[in-house]
Amino acid sequence: MAVFLNRSQSKMILHMDGDAFFVGVEVAKNPKLKGLPVVTGQEKGIVTALSYEAKALGISRGMPVFRLKKLYPKVIILPGDYKSYADYSSKMFDIVRRYADDVEEYSIDECFADLTGLEPPLKMTYRQMAERIKKEITEELGLTVSVGLAPTKVLAKVASKHQKPDGLTVIGQDEIGKYLSETPIGKIWGIGAQTSVAMMKKGIKTAQDFVMKDVSWVREHLSKPHEAIWQELRGVSVMELDPHSKTEYSSMQRTRSFHPATNDEVFLLSQFSKNMEEACAKARHFKLVPKAVSIFLKTRDFQYINRSFNLISPTNTPEPLMALVREHFKGMHMKGVLYRTTGVSLLGLVPEGAAQNDLFGGTDRAHKFEAVHKQIDKLEEKHGKRMVYLASTHDALKSKGLGTEMEDLDRDLLFL
Ligand SMILES: [Mg+2]
């Protein structure tokens, strides 16, 4: 591989990634949970995040809560507290901004920062900056993060993954090959499942096998975004940081708790309605519409009652959505039970118009469903089962970068 860059031309990009972030925040809020198997996702009925201790037991993300309770009765199951996650997230990014001006918030718990040229003014090495950021996050917020430093964004991602949790990995220009030969091609940021299978058929097993290919091979066999990844893996920075980019808004949640707990149907529905209005207002602000809605009631005894429904016609106006909530509410509300919280989530957000043109394009009803299923089949074939709505969100938001195969989309939900 012939890449000759001297240090003055080379960039220094930091990638920071929260360790088991949602659970990390829960432990920061309640340090008694430290060292215990803890999961979040009670309100959704599936595990959304898990501590390393829970992972060690064999629990994984997406496991239904009822199964978890049966198999691992000692695991602590918490509801997601998205307001706190967003708070900790912005505090974490603020700490990174003490050192760097160019910070790209990539997801709720991940950012890139360009540290290039900051050694003289800050009077410290890049490694020291990363150490300081880690230390301040741990001391001030009670969280641990893993950090990677490398000449490009794609390599910084490789670096931050290299050692987790609480890791710090620096990949210098002359060490790239060593790290890449340890990294399977499918683990590279932006290389999706389909592409990695195709590459493996061509004998490319590791990222190092990929960078050994020459540019004409890359252009002949792969798309433009993959050429960018190839460049970045070689240590040539071609992907700019976007300090203004925001996370894809794939879901929005609003909840309300009240004292005293109540059974009053009119009051509870009014709380749902307020949540819905706020969530819809936010969705309209970003010109997004949900394809599904999920609602919950929490009892005084912290039991959750959930309902989810798909929308035939996606909308971000609260009235039609509240009509559906009222329908479902009848089956959720029980006599004599006191409730303390209501919550509404708009799920599978896509840009206004995209939902209709994209998935719901047919004229008559039968046609619609047919079109939907065809489209879904196609998308699933292309992106894998879990990517369906997120991939289209990603596409339509024109979130820059690497097209529809970004690996982290399915967990990068930013809850407003
Ligand atoms: Mg993380």
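Every number for a ligand or one of its atoms is a count from 1 in the order of the listing.
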Is it true that some N/O/S atom of [X], main chain or side chain, lies under 2.8 Å from the Mg ion (ligand 1)?
{"X": "Phe21", "result": "no"}
{"X": "Asp17", "result": "yes"}
{"X": "Asp109", "result": "yes"}

Any side-chain heavy atom of Phe210 within less than 4.5 Å of one from Leu222?
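Counting from C-beta outward, Phe210 and Leu222 do come under 4.5 Å.
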
Stepwise, does the side chain to side chain donor-acceptor pair (under 3.5 Å) test hold for Thr48 with Thr40?
CA-CA 6 Å; Thr48 53; Thr40 59; 2.9 Å; yes

query = Going by an N to O cut-off under 4.0 Å, is there a salt bridge joining Arg256 and Glu278?
reply =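 Counted as a salt bridge, because a side-chain N and a carboxylate O are separated by less than 4.0 Å.
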
- Query: Residues in side-chain contact (heavy atoms from CB on, under 4.5 Å) with Asn306, at least two apart?
  - Reply: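 Partners of Asn306 by the side-chain contact (heavy atoms from CB on, under 4.5 Å) criterion, ordered by chain and then number, come out as Phe296, Tyr304.
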
